[in-house]
Trainee: 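What follows is a structure written as structure tokens; I'll ask about it next.
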Amino acid sequence: MTLAGFVPLSLCDYPGRVASVLFTQGCNFRCPWCHNPHLVPAEPPDGTASCDAEAVADALASRRTRVDSVVVTGGEPTLHAGLPALLRRLRALGLHIKLDTNGSRPTVLRALFAERLLDYVAMDVKAPWARYAALTGTPACDIAALRASVALIAGSGVAHQFRTTRVDPLLSGSDYAAIRLQIPDGSQHVWQAFRPDACLNPALCAARSGSDSVRV
Ligand code: SF4
């Protein structure tokens with residue numbers, strides 16, 4: 001499996017832990033506010049570096065005494081057939097594993113939970129279900145799959161959070177209220193600030209940023 005990038009040390013991607021971060025290439029959504037637009041195409045843009053997952057795992061093994069956790073993010077990691085094997089490799093190193101996902105592949109999530117390969121899952125809940133396809137630029141967006149992922153994660157017994165980026169130019173107060181109702185009782189929901197310094201739709205970068213992150 002090829003990775004799009006590797007950050008050896010992060011203090012902010014795995015709550016409460018010092019983690020390395022692995023980035024996968026390719027996403028099946030086209031959120032205009034995506035802060036990692038270079039990770040969205042299936043193939044990396046020209047001139048973008050990539051790295052072999054096995055080489056990254058070897059690097060993590062050598063850092064095992066300094067880093068006890070890893071975050072796999074994207075792009076959308078669950079699109080990759082090699083993800084379970086990669087997570088098994090990381091688990092064999094004794095690492096805590098957090099997965100970031102857009103929730104579009106509940107079948108993959110179910111299999112990863114069944115193998116107990118995940119210690120933390122963060123899923124984006126990006127919009128009211130009725131506006132999801134339009135707002136994420138994904139006409140074929142499978143809402144039933146997203147709802148299944150929300151229920152699966154909430155009932156998994158695994159630490160998790162749902163996240164929403166406040167994109168005030170696109171989402172209104174009633175949208176935020178509707179999103180909040182989509183989060184199961186008992187699950188953490190985190191509002192994230194829109195970061196206008198880089199996004200998939202450059203026109204959106206000029207828009208006013210949302211409020212600072214706040215836990216509710
Ligand atoms: S924000 Fe996430 S789900 Fe949306 S396009 Fe970017 S990587 Fe994909």
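Counting starts at 1 for both ligands and their atoms, following the listed order.
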Trainee: Atom 4 (Fe) of ligand 1: which protein heavy atom is closest, and how many Å away?
Mentor: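 For this ligand atom, the closest protein heavy atom is Cys31 SG, 2.4 Å.
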Trainee: Locate the shortest heavy-atom distance separating Glu76 from Asn102; write the atom from each residue and the value.
Mentor: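 Minimum heavy-atom contact is OE1-N, 2.6 Å.
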Trainee: Hey, are Arg89 and Asp58 close enough for a salt bridge, meaning a charged N less than 4.0 Å from a carboxylate O?
Mentor: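 So Arg89 pairs with Asp58 through a salt bridge.
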Trainee: Does a side-chain N-to-carboxylate-O contact under 4.0 Å join Lys98 and Asp119?
Mentor: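 No, no charged N to carboxylate O under 4.0 Å.
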Trainee: Strictly under 2.8 Å, is any N, O or S atom of Cys34 next to atom 6 (Fe) of ligand 1?
Mentor: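 Yes, Cys34 qualifies, because one of its backbone or side-chain N, O or S atoms lies under 2.8 Å.
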Trainee: From the options Lys126, Arg30, Glu76, select the one whose nearest heavy atom is closest to atom 1 (S) of ligand 1.
Mentor: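 Among Lys126, Arg30, Glu76, the closest heavy atom to atom 1 (S) of ligand 1 belongs to Lys126.
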Trainee: Among all protein heavy atoms in this structure, tell me which lies nearest to atom 8 (Fe) of ligand 1, with the distance rounded to 0.1 Å.
Mentor: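 Here the nearest protein heavy atom works out to Cys27 SG, 2.3 Å.
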Trainee: For the rings on Phe23 and Phe6, is their centre-to-centre separation under 6.0 Å?
Mentor: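 No, the ring centres sit 6.0 Å or more apart.
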Trainee: In ligand 1, which numbered atoms sit nearer than 4.0 Å to a non-hydrogen atom of Asn102?
Mentor: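 Checking each atom against Asn102, I get 3 (S).
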Trainee: Please find the pair of heavy atoms, one from Ala4 and one from Thr24, that lie closest to each other, and give the distance.
Mentor: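 For Ala4 versus Thr24, the nearest heavy atoms are CB-C, 4.0 Å.
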